[in-house]
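Structure first, commentary second.
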Amino acid sequence: MVRSLKNPKKAKRKQKGSKKDEGSSNSGPTVPAKVWQPGVDALEEGEELQCDLSAYNSYHGFHIGWPCLSFDILRDSLGLVRTEFPHTIYSIAGTQVILQSVPAEKSSWNYIGIFKILNISGKRRDLVPTKSNNEDTDMESDSDEDDEEEGGGTKTPVLQVRKVSHEGGVNRIRAMAQHPHICASWADTGLVQVWDFSSHLHALGEADTATNNGGSNEFNQAPLVKFAGHKDEGYAIDWSPVVPGRLLSGDCKNHIHLWEPASESTWNVDSTPFVGHTASVEDLQWSPTEPYVFASCSVDGTVAIWDTRAGKSPAVSIKAHKADVNVITWNSLASCMLASGSDDGTFSIRDLRLLKEGDSVVAHFEYHKHPITSIEWSPHEASTLAVSSADNQLTIWDLSLERDEEEETEFRAKTKEQVNAPNDLPPQLLFVHQGQKDLKELHWHPQILGMLISTAADGFNILMPSNIETPLPADNA
């Protein structure tokens, strides 16, 4: 498979104060180019990384006030599979206000932000790439964006936010896929709460499209449900994609509680928890196809598979990593595949069909050098997943790729520089995004092909890498 080698953060070794050699020529022999490896190589004095915007079809940054540890993308009625710019997105996020000087006021400063971003512009994606006579097609040019932008009206994205006060910092927040206005939040106070944000989403939908930060005032709203049955705070929470309203919440005391919907606004929470881990439950994922099956991961280094019909103990428990297992993701397009990310920077992919044979690992990567903070399969491409790490890198991987020596030889023959990629650089690595500090969470947009959103201590990024080859839907008309 042909693999694009564009990198969003090219390591351009730019000496401050120096000028480019205007008379330079490529006619003579070249020295093999050094490939700068993010997270491995250190910048020398006077050097800096510069973003190569040509590696993105779309790239925007924003924030809604305080840093957000967690967010979720809301499904909307604007189109199930969208490819044309400008885009509009709806999302929710929970803040983590840390003010050590005024601890008594800390909890009252947090909120859930329900927001809408309009007019997200980007480059038009051609179904059949056009040919160019210009040999330097990969050269940077500020003029690229002049004729690549799409969209009606102004090219500036418009952010509209409505804020709902939240008791305590938001450890994690998730929206129900079937009814996106229903959301669940895990608070650092130990409370799990379910909210109905339909009025706020309606207000955002009716808001003037030209109004920036419209409706950004804060509201006091009571949750539909407030559950205080956990013995400690937690981070793990997930809605079932199969059964509307079915919810799981897991805490730092290794307990997992099952929520069953009793009506549109009430839930029955099982007071007897699922217990199988020996340490904090860090993440939960319902099976994308089975209504009673879910997976969990823990600080004890294990991943467990559960069946809610078979008692309160796991059906299978796997020693998945040598360190804490921070996050898991269940592939919605290939339901036998489960990926997990660890505190030691590694992440693994397991084929659940191989569990009975002992070793179910089909891929294991040690690229990242710091804890994995988020991992998620693409909703549009079964072999693609995205990973974020405490090394401030967001990486995208395609597990269907393998190293092709014949292709690499042909590529070197066509280039004017001898480019030698590091042998330890995985061929499955498609894209590296940097620029955010303390990355916490990422999500693919379920309805916009190739769009990712990430949150970090310094705000959010929206990105659409140009080398993500997501198949466009066939036109059956």
Side-chain angles (χ1 to χ4, degrees), residues 1-12 35-36 38 49-62 81-87 89 117 119-151 155 157 376-381 383-388 393-401 404 407 411 414-415 419 421 425-436 442-454 460-473:
M1 179 181 288
V2 177
R3 172 168 167 254
S4 172
L5 298 177
K6 278 187 178 181
N7 190 324
K9 290 288 178 177
K10 288 186 177 178
K12 293 189 283 184
V35 178
W36 190 88
L49 290 179
Q50 289 186 338
C51 178
D52 179 10
L53 291 177
S54 68
Y56 298 85
N57 286 338
S58 184
Y59 178 34
H60 301 277
F62 68 97
V81 181
R82 308 206 290 272
T83 59
E84 297 297 319
F85 292 101
H87 289 302
I89 64 170
I117 303 179
N119 216 27
I120 300 173
S121 58
K123 293 186 288 186
R124 184 185 300 273
R125 179 180 168 188
D126 294 327
L127 296 180
V128 179
T130 56
K131 293 183 179 180
S132 172
N133 294 326
N134 183 5
E135 295 181 358
D136 297 325
T137 55
D138 202 30
M139 181 180 293
E140 286 191 20
S141 173
D142 293 334
S143 64
D144 287 346
E145 296 187 11
D146 294 340
D147 54 4
E148 290 175 337
E149 293 284 352
E150 280 189 6
K155 296 179 181 180
E376 187 169 289
W377 291 102
S378 166
H380 300 113
E381 185 62 47
S383 63
T384 302
L385 78 164
V387 179
S388 69
Q393 294 184 74
L394 186 159
T395 54
I396 302 175
W397 305 75
D398 186 343
L399 303 182
S400 68
L401 298 182
D404 189 329
E407 180 184 310
F411 175 76
K414 292 181 179 179
T415 58
V419 180
L425 192 67
Q428 295 82 9
L429 179 60
L430 274 183
F431 200 84
V432 178
H433 172 73
Q434 291 182 276
Q436 291 178 279
L442 62 83
H443 294 295
W444 296 90
H445 198 291
Q447 297 167 263
I448 301 176
L449 296 179
M451 177 180 283
L452 274 162
I453 305 177
S454 57
F460 292 84
N461 275 183
I462 300 172
L463 56 143
M464 299 180 70
S466 60
N467 66 338
I468 302 301
E469 299 296 332
T470 302
L472 291 172

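The structure presented is a predicted model; accordingly, all values stated were derived computationally and were not measured.
You'll find the side chain of Cys51 reaches within 4.5 Å of the side chain of Tyr59, heavy atoms only. Between Ile89 and Met451, some side-chain heavy-atom pair lies under the 4.5 Å cut-off. The closest side-chain heavy-atom distance from Ile448 to His87 is below 4.5 Å. Using a 4.5 Å cut-off on side-chain heavy atoms (C-beta onward), Ile453 and Leu442 make no contact.
For Trp377, the ring-ring contact (aromatic ring centres under 6.0 Å, His included) test picks out no residue, with sequence neighbours left out. Take His443 and apply the ring-ring contact (aromatic ring centres under 6.0 Å, His included) test, not counting sequence neighbours, and it matches Phe71. Evaluation of the side-chain contact (heavy atoms from CB on, under 4.5 Å) rule for Pro379 yields Trp444 as partners, not counting sequence neighbours. By the side chain to side chain donor-acceptor pair (under 3.5 Å) test, Ser388 pairs with Thr373, sequence neighbours left out.
Between Ile120 and Phe85, the closest heavy-atom pair is O-CD2, 3.3 Å. Minimum heavy-atom separation, Leu49 to Gln434: CD1-OE1, 3.9 Å.
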- Chi angles and distances behind the side chain to side chain contact (heavy atoms under 4.5 Å, CB included) call for Ser378, Leu385: CA-CA 5 Å; Ser378 166; Leu385 78 164; over 6 Å; no

- Working for side chain to side chain contact (heavy atoms under 4.5 Å, CB included), residues Leu401 and Leu430: CA-CA 9 Å; Leu401 298 182; Leu430 274 183; 3.8 Å; yes

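Between Asn57 and Ser466, the side chains place no donor N or O within less than 3.5 Å of an acceptor N or O (distance only, hydrogens not considered). His60 and Asn461 share no donor-acceptor pair across their side chains, judged by distance under 3.5 Å alone.
Note that the CE atom of Met464 and the OG1 atom of Thr83 stand 8.5 Å from one another [nearest 0.5 Å]. Atom CD in Gln428 sits 6.5 Å away from atom CG in Leu399 (nearest 0.5 Å).
Taking the six-membered ring for Trp and the full ring otherwise, His433 and Phe431 have centroids separated by 6.0 Å or more.
Partner of Leu452 under the side-chain contact (heavy atoms from CB on, under 4.5 Å) criterion, chosen from Ile396, Ile462, Ile468: Ile396.
A parallel orientation is assigned to the rings of Phe460 and Phe62, their planes being inclined by less than 30° (bins at 30° and 60°).
The backbone N or O of Ser58 lies less than 3.5 Å from no partner atom in the side chain of Lys123, so there is not a single donor-acceptor pair.
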